[in-house]
Number of protein chains: 2
Amino acid sequence: MTKSTAEQGGTLTRQREAVLQVIRGSEEHLTASEIFEQARRLLPSISYATVYNSLKFLTNAGMVHEVKFGNGASRYDRETGRHDHALCTECGKLVDFDLDLTAELMRTAARRSHFKAESIHLTLRGLCPDCRPAG
Amino acid sequence: MTKSTAEQGGTLTRQREAVLQVIRGSEEHLTASEIFEQARRLLPSISYATVYNSLKFLTNAGMVHEVKFGNGASRYDRETGRHDHALCTECGKLVDFDLDLTAELMRTAARRSHFKAESIHLTLRGLCPDCRPAG
DNA sequence: TCTGGAATTAGAATAATTCTAAATTCCTTA
DNA sequence: TAAGGAATTTAGAATTATTCTAATTCCAGA
């Protein structure tokens with residue numbers, strides 16, 4: 001049994017590695033189509049379906065994070081630890097930031113929702129530095 | 001200048017009202033297509049495009065909330081006040097709950113993200129009561 | 001080297017949403 | 001009350017995001 005990746009079966013193939021490399025190489029939260037464009041430069045024969053398969057694989061393996069808000073497509077984040085997101089209501093910019101949400105807050109959330117909590121995540125909506133009026 | 005709706009121009013037409021009524025009539029978070037199906041019963045001639053237009057209108061007017069996670073489509077929530085969401089990682093169920101997030105937390109989030117905060121929202125991922133092992 | 005399972009490929013299929021252009025509704029004012 | 005015009009609705013086409021399918025390729029182990 002050869003497990004190259006942490007928790008699950010499956011191999012970190014060339015194409016999966018290329019997709020990972022693209023995501024790790026960007027500070028932005030790229031969409032599948034942006035990733036496809038860039039991965040193609042590394043591996044010209046890679047197909048769209050493989051990009052989606054790889055994204056699913058990497059997400060399951062915990063090597064990237066999928067985020068979806070705003071309009072349209074899912075975006076992928078190289079940051080895999082717990083963190084939060086700020087979304088600009090003006091230009092759609094999405095940035096990571098960290099808030100030390102306490103275990104207490106997580107317990108409260110679990111109690112009030114009646115869910116067994118796995119993770120919590122905070123989203124701030126507002127204006128990014130560029131869109132904020134008068135600098 | 002005739003403003004029927006709170007903050008913006010535009011009229012609360014029959015079709016918009018039907019869409020609103022469908023959303024208000026459900027405890028679930030419906031998708032556009034579910035809303036279309038139900039609105040059709042109230043107003044058989046309503047078209048898909050009008051449902052989307054109405055959803056946009058009602059969202060802008062602050063009369064419904066749009067939420068999007070999980071797989072696929074946007075969902076619409078009759079709850080318009082600040083609140084949080086719990087998403088089941090097993091079955092996809094989405095429920096509202098309330099956490100009294102403090103003004104202090106909002107300020108901290110704004111400071112760390114460098115955004116001007118408009119709203120904050122917490123998402124809990126985990127298992128809903130039905131999917132939790134051993135009742 | 002052969003073989004089977006896993007992964008990849010191209011392109012078709014599906015799903016969600018937006019766009020377009022024509023028709024309709026509903027005011028507003030003459 | 002009729003005409004004009006803006007806002008809205010409609011049907012269907014177009015677009016975008018994602019998944020599926022079937023054939024092919026890759027690779028590890030017997």
Side-chain angles (χ1 to χ4, degrees), chain A residues 1-5 7-23 29-61 63-64 66-76 92 94, chain B residues 1-5 7-23 29-61 63-64 66-76 92 94:
Chain A
M1 192 186 292
T2 312
K3 283 211 208 162
S4 315
T5 52
E7 311 303 340
Q8 68 169 190
T11 326
L12 189 56
T13 60
R14 266 178 314 135
Q15 354 326 59
R16 289 169 180 177
E17 235 174 323
V19 168
L20 181 58
Q21 197 176 320
V22 167
I23 295 168
H29 299 75
L30 303 174
T31 62
S33 103
E34 291 163 341
I35 293 165
F36 173 61
E37 287 310 327
Q38 294 192 34
R40 236 195 331 205
R41 294 190 209 135
L42 301 172
L43 218 52
S45 76
I46 199 172
S47 76
Y48 226 106
T50 298
V51 168
Y52 272 101
N53 289 340
S54 299
L55 289 170
K56 199 162 291 179
F57 173 87
L58 295 168
T59 302
N60 289 338
M63 303 171 85
V64 305
E66 183 186 12
V67 294
K68 58 196 315 173
F69 349 69
N71 340 312
S74 280
R75 297 178 167 275
Y76 294 86
L94 180 63
Chain B
M1 192 184 294
T2 313
K3 284 212 209 163
S4 315
T5 52
E7 310 303 340
Q8 69 169 187
T11 327
L12 190 56
T13 60
R14 264 175 318 135
Q15 348 334 56
R16 289 169 182 177
E17 232 173 326
V19 168
L20 181 58
Q21 197 176 322
V22 168
I23 295 168
H29 298 76
L30 303 175
T31 63
S33 103
E34 290 163 343
I35 292 166
F36 173 61
E37 286 311 328
Q38 295 193 33
R40 243 208 307 216
R41 294 190 210 135
L42 302 172
L43 218 52
S45 75
I46 199 171
S47 75
Y48 226 107
T50 298
V51 168
Y52 272 102
N53 289 341
S54 300
L55 289 170
K56 199 161 293 181
F57 174 87
L58 295 169
T59 301
N60 290 338
M63 303 171 84
V64 304
E66 184 186 11
V67 293
K68 56 197 317 175
F69 349 69
N71 341 313
S74 280
R75 296 178 167 275
Y76 293 85
L94 181 63

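Chain naming here is simple, since letters A, B, ... match the order of the sequence lines and numbering starts at 1 in each. Just so it is clear, the structure is predicted and the values come from calculations on it, not from any experiment.
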*Starting at CZ of A:Arg40 and ending at P of C:dT8, how long is that distance when rounded to a whole Å?*
17 Å
*Starting at CG of B:Leu12 and ending at C1' of D:dA7, how long is that distance when rounded to a whole Å?*
14 Å
*Just checking B:Thr13: base, sugar-phosphate only, or nothing, at a heavy-atom cut-off of under 4.0 Å?*
sugar-phosphate
*asked:* Check the phosphate of D:dT19 against A:Lys56, side-chain N and O only, distance under 4.0 Å to OP1 or OP2. Yes or no?
replied: yes
*Check the distance between C:dT18's P and B:Glu66's CD and give it to me in whole angstrom.*
8 Å
_Under 4.0 angstrom between B:Ser47 side-chain N/O and D:dT9 OP1 or OP2_ = no
*Give me the one residue out of A:Ile46, A:Val64, A:Val19 that meets side chain to side chain contact (heavy atoms under 4.5 Å, CB included) with A:Ile35.*
A:Val19
*Is A:Tyr52 near enough to D:dT18 that one of its side-chain N or O atoms lies under 4.0 angstrom from OP1 or OP2?*
yes
*Looking for any heavy atom pair under 4.0 Å, which part of the strands does A:Ala73 touch: base, sugar-phosphate only, or nothing?*
sugar-phosphate
_B:Glu17 CD - D:dT9 C1' separation (whole Å)_ = 16 Å
*Rounded to the nearest Å, what distance is computed from the CZ atom of residue B:Arg16 to the P atom of nucleotide D:dA7?*
11 Å
_Minimum side-chain heavy-atom gap A:Val22-A:Tyr76 below 4.5 Å_ = no
*Quickly work out the B:Phe36 CZ to C:dA16 P distance and round it to whole Å.*
13 Å
*OH of A:Tyr48 versus P of D:dT16: gap in Å, rounded?*
10 Å
*Distance, rounded to the nearest Å, where B:Asn53 contributes CG and D:dG12 contributes P*: 17 Å
*Using only heavy-atom distances, determine whether the side chains of A:Ser54 and A:Gln15 contain a donor-acceptor pair under 3.5 Å.*
no
*Using a strict 4.0 Å threshold on nitrogen-to-oxygen distance, state whether B:Arg40 and B:Glu37 make a salt bridge.*
yes
*Any B:Thr11 side-chain N or O less than 4.0 Å from OP1/OP2 of C:dC26*: no
*Quick one: on DNA chain D, does B:Gln15 or A:Ser74 contact a more 5' nucleotide (nearest heavy atom)?*
B:Gln15
*Please work out if B:Ser45 contacts a base, only the sugar-phosphate, or nothing of the nucleic acid, heavy-atom cut-off 4.0 Å.*
sugar-phosphate
*Nearest-nucleotide wise, let me know which of B:Arg14 and B:Thr31 is further upstream toward the 5' end of DNA chain C.*
B:Thr31
